[in-house]
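What follows is one structure encoded as structure tokens, with my remarks underneath.
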Amino acid sequence: MAVGEPSRAQQAAETFQPPGTSYPDATVQSLETYDCSDGSASGQQLTCGTAVVEVTDGDGEGDFVSVDLPPEVVGTGVQAGDGLVLTRAVDGGSGDPSYSFSDFQRTTPIVVLALVFVVVVGLVARLRGWPRWSGWGSPSSCCCSSSCRASSARGPRRW
């Protein structure tokens, strides 16, 4: 692949996404919720929402647009000030953009959570796992399985 050519993933995305599709960030300014239960026999109460968001980057930056939010998104507790990633598609005929919810903005806390997880795993393992996790441990230093203990009791192997 030559420099500047789109990757296979980019080529596939262009095949399935209309030209001009982008994913701008936005901030929720207000949220109006409403009952969107389907009246099925399950009787589950569903709450959908319509959010007014400000597009904060990309094409349409500074625009205020209305975005419908499904019950799964409203159920997470989305509120004013939350960051969203939108899908912006341009209508081929009129050239007007339309926006829809794509994802929540992922920020530093998810990285911090991952680092905390690694530290906790290391502490729970009483620091035995760190040498092996980093590649410093040797197979002869295993002490956890019965086969390792049995082979080390017999001494080194002679071929």
Side-chain angles (χ1 to χ4, degrees), residues 1-137 142 144-145:
M1 176 169 48
V3 176
E5 287 185 27
S7 68
R8 293 183 68 196
Q10 290 169 327
Q11 292 171 353
E14 290 171 3
T15 303
F16 294 105
Q17 296 291 334
T21 300
S22 61
Y23 300 92
D25 292 336
T27 303
V28 176
Q29 300 300 312
S30 66
L31 176 67
E32 183 179 321
T33 59
Y34 58 90
D35 180 24
C36 61
S37 302
D38 59 5
S40 65
S42 68
Q44 185 177 6
Q45 181 76 21
L46 300 175
T47 303
C48 296
T50 301
V52 174
V53 299
E54 179 182 7
V55 180
T56 57
D57 75 341
D59 293 335
E61 182 175 356
D63 289 350
F64 287 84
V65 295
S66 179
V67 177
D68 291 325
L69 300 176
E72 298 83 19
V73 174
V74 175
T76 64
V78 67
Q79 58 188 352
D82 287 351
L84 304 178
V85 177
L86 304 177
T87 300
R88 180 183 189 269
V90 178
D91 182 15
S94 67
D96 293 334
S98 64
Y99 293 88
S100 60
F101 173 82
S102 179
D103 198 0
F104 291 99
Q105 287 180 357
R106 309 292 179 190
T107 57
T108 305
I110 202 85
V111 173
V112 171
L113 185 62
L115 292 174
V116 168
F117 175 77
V118 169
V119 169
V120 168
V121 167
L123 292 175
V124 169
R126 296 185 188 170
L127 302 176
R128 286 186 184 181
W130 285 106
R132 288 189 181 240
W133 183 66
S134 63
W136 293 344
C142 75
C144 301
S145 70

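Just so you know, these numbers come straight off a predicted model, no measurement behind them. The figures that follow rest on heavy atoms only: side chains count, while hydrogens, waters and symmetry mates do not. Residues: numbered from 1 along the sequence shown.
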Could you list the residues that satisfy side chain to side chain contact (heavy atoms under 4.5 Å, CB included) with [X], not counting sequence neighbours?
{"X": "Ser98", "value": "Ala89"}
{"X": "Val120", "value": "Val116, Val124"}
{"X": "Asp57", "value": "Pro24, Asp25"}
{"X": "Asp96", "value": "Ser94"}

| request: Any chance you could measure Leu84, atom CG, to Gln105, atom CD, to the nearest 0.5 Å? | output: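 Rounded to the nearest 0.5 Å, the CG-CD separation comes out at 7.0 Å.
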| field | Pairs where residues 45-103 contributes a residue and the test ring pair (Phe, Tyr, Trp, His ring centres under 6.0 Å) is met, not counting sequence neighbours | value |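 Of all non-adjacent pairs touching residues 45-103, those that pass ring pair (Phe, Tyr, Trp, His ring centres under 6.0 Å) are Phe101-Phe104.
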| task | Name all pairs fulfilling the salt bridge (charged side-chain N to carboxylate O under 4.0 Å, His left out) condition that reach into residues 67-84, sequence neighbours left out, sorted by first residue then second. | result | none
| said: How close do Leu69 and Ala51 get, counting heavy atoms only, and between which atoms? | reply: CD1-CB, 3.8 Å
| note | Residue pairs passing the disulfide bond (SG atoms under 2.5 Å apart) test with at least one member in residues 55-114, sequence neighbours excluded, are none
| said: Show every disulfide bond (SG atoms under 2.5 Å apart) that has at least one partner inside residues 47-92, sequence neighbours left out. | reply: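 Those involving residues 47-92 are Cys36-Cys48.
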Can you give me every donor-acceptor pair (side chain of residues 27-35, partner residue at least two apart or in another chain, under 3.5 Å) with its distance?
| unit_1 | atom_1 | unit_2 | atom_2 | d |
| --- | --- | --- | --- | --- |
| Gln29 | NE2 | Thr27 | O | 3.4 |
| Asp35 | OD1 | Ser37 | N | 3.1 |
| Asp35 | OD1 | Ser37 | OG | 2.7 |
| Asp35 | OD1 | Gln45 | NE2 | 3.1 |

| task | Using the test salt bridge (charged side-chain N to carboxylate O under 4.0 Å, His left out), find all partners of Asp103 that sit at least two apart in sequence or belong to another chain. | result |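 Asp103: salt bridge (charged side-chain N to carboxylate O under 4.0 Å, His left out) contacts with Arg106.
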